[in-house]
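Data block below; observations after.
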Amino acid sequence: QAVDLTDAEETSPDFKGHPSQQVQAIWKNPPQLDWPAAGPFITQTVTCPQQDRLYLIDAWLYAPGKNKYEYMLQLENILNSFDCGAS
């Protein structure tokens with residue numbers, strides 16, 4: 001997939017007390033593919049210092065012909081279920 005960062009939204013939310021970076025934008029099939037497809041995505045990094053790790057969590061939505069608002073809320077809830085675990 002290709003990403004279109006033209007209207008990307010970048011934030012640095014506090015993720016359950018951990019530093020993070022988040023990008024929301026649009027993905028789409030590259031022009032050379034015959035199948036036109038696209039949708040929104042959320043990509044987030046979460047730093048878990050107690051594990052000395054940086055996690056990448058993301059969700060890509062494909063729902064042609066549908067209102068995507070509810071689906072994006074559901075994806076955000078799924079991403080927010082991530083936990084750095086016990087220290």
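Scope of the values below: all heavy atoms of this structure, side chains included, with no hydrogens, waters or symmetry mates.
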Test item: [X] side-chain N/O and [Y] main-chain N/O as donor-acceptor pair under 3.5 Å:
X: W27; Y: A38; result: no
X: K16; Y: N80; result: yes
X: S20; Y: P13; result: yes

Shortest non-hydrogen contact from [X] toward [Y]:
X: C48; Y: H18; result: CA-ND1, 4.5 Å
X: A8; Y: A25; result: CB-CB, 3.9 Å
X: Y71; Y: N67; result: CD1-O, 3.5 Å
X: T47; Y: C84; result: O-SG, 4.3 Å

Between [X] and [Y], is there shared hydrophobic-cluster membership here, with clusters defined by ILVMFWY side-chain heavy atoms closer than 4.5 Å?
X: L79; Y: M72; value: yes
X: V3; Y: L33; value: no
X: I42; Y: L61; value: yes

Can you measure from [atom1] ([X]) to [atom2] ([Y]) and round to the nearest 0.5 angstrom?
X: Q24; Y: E76; atom1: CD; atom2: CD; result: 5.5 Å
X: T43; Y: D58; atom1: OG1; atom2: CG; result: 4.5 Å
X: K28; Y: Q1; atom1: NZ; atom2: CD; result: 12.0 Å

Quiz item: Between the side chains of Q21 and S12, does any donor sit under 3.5 Å from an acceptor?
Solution: yes

Quiz item: Aromatic rings W60 and F41: how do their planes relate, parallel, tilted or perpendicular, breaks at 30° and 60°?
Solution: parallel

Around [X], counting heavy atoms of other residues, nucleotides and ligands shown, do more than 12 lie under 6.0 Å from its [atom1]?
X: K66; atom1: NZ; result: no
X: N77; atom1: CG; result: yes
X: D52; atom1: CG; result: no
X: F82; atom1: CZ; result: yes

Quiz prompt | Side-chain heavy-atom pair V46, I57 within 4.5 angstrom cut-off | solution = yes

